[in-house]
A.B. asks: 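Here it is, the structure, as structure tokens.
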Amino acid sequence: MENYNQTSTDFILLGLSPPPKIGHFIFILIDFVFLMALIGNLSMILLIFLDIHLHTPMYFLLSQLSLIDLNYISTIVPKMVYDFLYGNKSISFIGCGIQSFFFLTLAGAEALLLTSMAYDRYVAICFPLHYPARMSKRVCLLMITGSWMIGSVNSCAHTVYALRIPYCKSRAINHFFCDVPAMLTLACTDTWVYECTVFLSTTVFLVFPFICIACSYGWILLAVYRMHSAEGRKKAYSTCSTHLTVVTFYYAPFAYTYLRPRSLRSPTEDKVLAVFYTILTPMLNPIIYSLRNKEVMGALTRVIQKIFSVKM
């Protein structure tokens with residue numbers, strides 16, 4: 001590992017560091033996943049915008065999830081691709097701060113948005129008569145705006161701290177993006193107080209929302225069990241299982257990474273887990289919501305038919 005002392009203002013992102021024999025294969029695979037994520041999330045946003053049947057709170061929130069995922073993966077992968085193609089793994093001090101800010105903002109916003117989506121399903125299934133009032137357009141806008149604002153405030157606090165601490169060791173970050181915990185290993189001051197704030201922040205943005213989601217779906221499952229309509233139960237189970245799948249894919253690796261103390265973490269394990277929630281999840285979300293959702297597939301069919309009818 002190369003050494004970069006404090007006289008250098010740039011950081012060095014060591015990346016995934018795969019064996020040379022499989023490096024090109026991983027590069028091609030990441031490019032494919034990135035392309036699929038772009039196509040999937042853009043398609044989901046356009047589909048919800050174009051089809052009037054999807055102009056509901058549930059799909060409005062889903063379009064925001066796709067927007068977040070689209071920006072999420074675009075914050076990480078283009079830099080990885082550039083580093084691989086040109087062999088230049090350096091990133092400026094300010095550039096590292098910007099990447100860290102957007103990553104943390106989008107991560108926090110997605111965690112809160114998934115909680116809002118769970119609340120939406122809870123109201124729709126447990127209080128269907130109150131749904132129009134509890135999930136009005138104004139409420140949806142407040143949920144979305146709140147998710148972005150709270151995520152950005154939290155991100156700003158972490159990023160400012162990371163840019164203000166002195167770095168006197170190697171400038172080589174053993175990660176493929178500017179992850180604050182990975183940056184802290186290069187600091188020449190004691191950061192245990194800040195590590196406690198990271199644990200607290202993770203608890204607020206991951207543990208508490210996950211508990212809220214679990215409670216929501218506990219009530220939902222109880223309400224679904226009491227339904228007399230077999231078709232209604234089937235639809236409710238389909239919708240809820242889809243959302244729970246997305247929640248599990250996102251929360252589990254994230255929480256496992258950030259809730260562990262530094263002594264129990266390894267750079268290799270952190271990078272593998274980070275691939276899951278920064279690269280794979282943004283690709284999987286639109287696939288899960290489209291393939292397992294009859295309303296989305298129906299909307300896709302209607303939009304395609306409309307396009308072909310216009311051409312004819």
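Atom set for the values below is all heavy atoms of this structure, side chains included, hydrogens, waters and symmetry mates excluded.
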A.B. asks: For the pair Tyr194 and Tyr161, name the ring-plane relationship: parallel under 30°, tilted 30 to 60°, perpendicular over 60°.
C.D. replies: parallel
A.B. asks: On the 0 to 90° scale, with breaks at 30° and 60°, tag the Phe93-Phe11 ring pair as parallel, tilted or perpendicular.
C.D. replies: parallel
A.B. asks: Taking a hydrophobic cluster as the set of Ile, Leu, Val, Met, Phe, Trp and Tyr residues connected by side-chain heavy atoms closer than 4.5 Å, whether directly or through intermediates, do Ile287 and Leu300 fall within one such cluster?
C.D. replies: yes
A.B. asks: In the single-linkage hydrophobic clustering (I, L, V, M, F, W, Y; side-chain heavy atoms under 4.5 Å), do Phe103 and Tyr82 co-cluster?
C.D. replies: yes
A.B. asks: Answer yes or no: are there more than 12 heavy-atom neighbours, outside Phe84 itself, under 6.0 Å from its atom CZ?
C.D. replies: yes
A.B. asks: Looking only at atom types and distance, does a side-chain atom of Thr75 sit under 3.5 Å from a main-chain N or O of Gln99, one as donor and one as acceptor?
C.D. replies: no
A.B. asks: Near Ile22 CD1, under 6.0 Å, is it more than 12 heavy atoms from other residues, nucleotides or ligands?
C.D. replies: yes
A.B. asks: Got a donor-acceptor contact below 3.5 angstrom from the Thr185 side chain to the Pro181 backbone?
C.D. replies: no
A.B. asks: Would you mind writing out the side-chain donor-acceptor pairs for residues 251-260 within the sub-3.5 Å range, not counting sequence neighbours?
C.D. replies:
unit_1: Tyr251; atom_1: OH; unit_2: Ala111; atom_2: O; d: 2.7
unit_1: Thr257; atom_1: OG1; unit_2: Pro253; atom_2: O; d: 2.8
unit_1: Tyr258; atom_1: OH; unit_2: Asp179; atom_2: OD1; d: 2.5
unit_1: Tyr258; atom_1: OH; unit_2: Asp179; atom_2: OD2; d: 3.1
unit_1: Arg260; atom_1: NE; unit_2: Tyr256; atom_2: O; d: 2.7
unit_1: Arg260; atom_1: NH1; unit_2: Leu264; atom_2: O; d: 3.3
unit_1: Arg260; atom_1: NH1; unit_2: Glu269; atom_2: OE1; d: 2.6
unit_1: Arg260; atom_1: NH2; unit_2: Asp270; atom_2: OD1; d: 2.9

A.B. asks: Counting only N and O atoms by type, is there a donor-acceptor contact under 3.5 Å from the side chain of Ser152 to the main-chain atoms of Met149?
C.D. replies: yes
A.B. asks: Are Leu46 and Leu35 grouped together when hydrophobic residues (ILVMFWY) are joined by side-chain heavy atoms under 4.5 angstrom apart?
C.D. replies: no
A.B. asks: Give a yes or no on whether the backbone of Ile48 and the side-chain of His55 come within a donor-acceptor separation of less than 3.5 Å.
C.D. replies: yes
A.B. asks: Thr159 side chain to Cys156 main-chain N or O, any donor-acceptor pair under 3.5 Å?
C.D. replies: no
A.B. asks: Mind checking side-chain hydrogen bond (donor to acceptor under 3.5 Å, both in side chains) for Tyr131 and listing every partner two or more places apart, or none if nothing turns up?
C.D. replies: Asp120
A.B. asks: Looking at Cys96, is its backbone amide N or carbonyl O close enough to the side chain of Ser100 to form a donor-acceptor pair, meaning the two atoms are under 3.5 Å apart?
C.D. replies: no
A.B. asks: Check whether any side-chain heavy atom of Met44 lies under 4.5 Å from a side-chain heavy atom of Val296, and answer yes or no.
C.D. replies: yes
A.B. asks: So does His24 have more than 12 non-hydrogen atoms from other groups sitting under 6.0 Å from NE2?
C.D. replies: no
A.B. asks: Same cluster or not: are Tyr217 and Phe127 linked, directly or through other Ile, Leu, Val, Met, Phe, Trp or Tyr residues, by side-chain heavy atoms under 4.5 angstrom apart?
C.D. replies: yes
A.B. asks: Checking the side chain of Lys89 only, and the main-chain atoms of Ile12 only, is there a donor and an acceptor separated by less than 3.5 Å?
C.D. replies: no
A.B. asks: Would you check if the side chain of Asp51 reaches a backbone N or O of Val303 as a donor-acceptor pair within less than 3.5 Å?
C.D. replies: no
A.B. asks: Using modelled atom types and a 3.5 Å cut-off, is there a donor and acceptor pairing between side-chain atoms of Ser63 and backbone atoms of Ile45?
C.D. replies: no
A.B. asks: Hey, are the side chains of Met135 and Met58 touching, using non-hydrogen atoms and a 4.5 Å cut-off?
C.D. replies: no
A.B. asks: Could you tell me whether Phe249 and Tyr277 have their ring centroids closer than 6.0 angstrom?
C.D. replies: no
A.B. asks: Give me the atom names and distance for the closest heavy-atom approach of Phe60 to Ile144.
C.D. replies: CE2-CD1, 3.7 Å
A.B. asks: Ignoring hydrogens and angles, tell me if any N or O in the side chain of Ser201 forms a donor-acceptor pair with the backbone of Thr197 under 3.5 Å.
C.D. replies: no
A.B. asks: How about Phe102: does its CZ atom have over 12 heavy atoms from other parts shown lying under 6.0 Å from it?
C.D. replies: no
